[in-house]
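A short write-up of the structure that comes next.
On a predicted model such as this, the values are computed, not experimentally measured, just so you know.
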Amino acid sequence: QVQLVESGGGLVQAGSSLSLSCIASGRTFSSYTMGWFRQPPGKEREFVAFIRWSGDRTYYADAVKGRCTISRDNDKNTVYLQMSSVKPEDTAVYYCAASSRGIGLRYSYTYDYWGQGTHVTVSS
């Protein structure tokens, strides 16, 4: 069992940077691929990024590629999402998730555990 708690959301100005964290409980954090998803108001949840258990591979959605960095610290059971040059369309509830699977990691159904989400609002 893995419990995930996100933090770092809030109100940010367009063009600024955003930093989110997700702390996991459980001794097997390092064996999971970790992902970030987001759900904009009135829209479906969408993939943002994932990072493999070892941190040696990352993957980003086109909407955030070049503006976003996902990283993890397995010693701290924490995964991070940093986003620069934020836009109003980045407004969403951001969720971190953990997956024990090796494929399909852009899809929410492949993730076993989810956090409660943290709200991010980007003002123009």
Say you draw a straight line from CD1 of Ile23 to SG of Cys96; how long is it, rounded to the nearest 0.5 Å?
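So the CD1 of Ile23 and the SG of Cys96 are separated by 9.5 Å.
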
Report the distance from atom OG1 of Thr58 to atom CE of Met34, rounding to the nearest 0.5 Å.
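It is 14.5 Å, given to the nearest 0.5 Å.
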
Of the non-hydrogen atoms in [X] and [Y], which two are nearest, and what is the gap between them?
X	Y	value
Tyr32	Val2	CE1-CG2, 3.6 Å
Leu81	Cys68	CD1-SG, 3.2 Å
Leu105	Arg101	CD2-O, 3.7 Å

Consider only side-chain heavy atoms of I, L, V, M, F, W and Y, link residues closer than 4.5 Å, and tell whether Tyr111 and Trp53 are in one cluster.
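No, no single cluster joins them.
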
Is it true that Ile51 and Met83 fall in one hydrophobic cluster, defined by side-chain heavy atoms closer than 4.5 Å?
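Same cluster: Ile51 reaches Met83 through Ile, Leu, Val, Met, Phe, Trp or Tyr contacts under 4.5 Å.
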
Scan the side chains in residues 113-124 for donor-acceptor partners under 3.5 Å anywhere in the protein, sequence neighbours excluded, and list what turns up.
{"residue": "Thr118", "atom": "OG1", "partner": "Gly9", "partner atom": "N", "Å": "3.2"}
{"residue": "Ser123", "atom": "OG", "partner": "Val12", "partner atom": "O", "Å": "3.4"}

Determine, stepwise, if the pair Arg57 / Thr33 fulfils side-chain contact (heavy atoms from CB on, under 4.5 Å).
CA-CA 10 Å; Arg57 188 189 172 200; Thr33 289; over 6 Å; no

Do Ser100 and Asp112 pair up side chain to side chain, a donor and an acceptor below 3.5 Å, judged on atom types alone?
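On atom types as modelled, these side chains qualify, holding a pair under 3.5 Å.
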
Hey, does [Y] have a side-chain heavy atom less than 4.5 Å from the side chain of [X]?
X	Y	value
Thr69	Tyr60	yes
Tyr80	Asp73	yes
Ile70	Val79	yes

Does the structure place the NZ or CZ of Arg72 under 6.0 Å from the centre of the six-membered ring of Phe29, at an angle of no more than 45° from the ring's axis?
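Because its charged atom sits under 6.0 Å from the ring centre and within 45° of the axis, Arg72 does stack over Phe29.
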
Is there a side-chain contact (heavy atoms from CB on, under 4.5 Å) between Ser16 and Val86? Walk through the geometry before answering.
CA-CA 6 Å; Ser16 66; Val86 296; 3.9 Å; yes

Would Leu20 and Glu6 satisfy side-chain contact (heavy atoms from CB on, under 4.5 Å), going step by step from the backbone distance to the final call?
CA-CA 7 Å; Leu20 304 178; Glu6 303 94 339; over 6 Å; no

List the residues meeting side-chain contact (heavy atoms from CB on, under 4.5 Å) with [X], not counting sequence neighbours, and say none if there are none.
X	result
Asp56	Arg52, Ser54
Ser7	Ser21
Ile103	none
Ser19	Gln82

Check: Glu89 main-chain N/O paired with Thr91 side-chain donor or acceptor under 3.5 Å:
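No, because the side chain of Thr91 does not come within donor-acceptor range (under 3.5 Å) of the backbone of Glu89.
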
Check whether any side-chain N or O of Ser30 sits under 3.5 Å from a backbone N or O of Asn74 as a donor-acceptor pair, and report yes or no.
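No.
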
In residues 36-49, what donor-acceptor pairs under 3.5 Å come from side-chain atoms, sequence neighbours left out?
{"residue": "Arg38", "atom": "NE", "partner": "Glu46", "partner atom": "OE2", "Å": "2.6"}
{"residue": "Arg38", "atom": "NH1", "partner": "Asp90", "partner atom": "OD1", "Å": "2.8"}
{"residue": "Arg38", "atom": "NH1", "partner": "Tyr94", "partner atom": "OH", "Å": "2.9"}
{"residue": "Arg38", "atom": "NH2", "partner": "Glu46", "partner atom": "OE2", "Å": "3.2"}
{"residue": "Gln39", "atom": "NE2", "partner": "Lys43", "partner atom": "O", "Å": "3.0"}

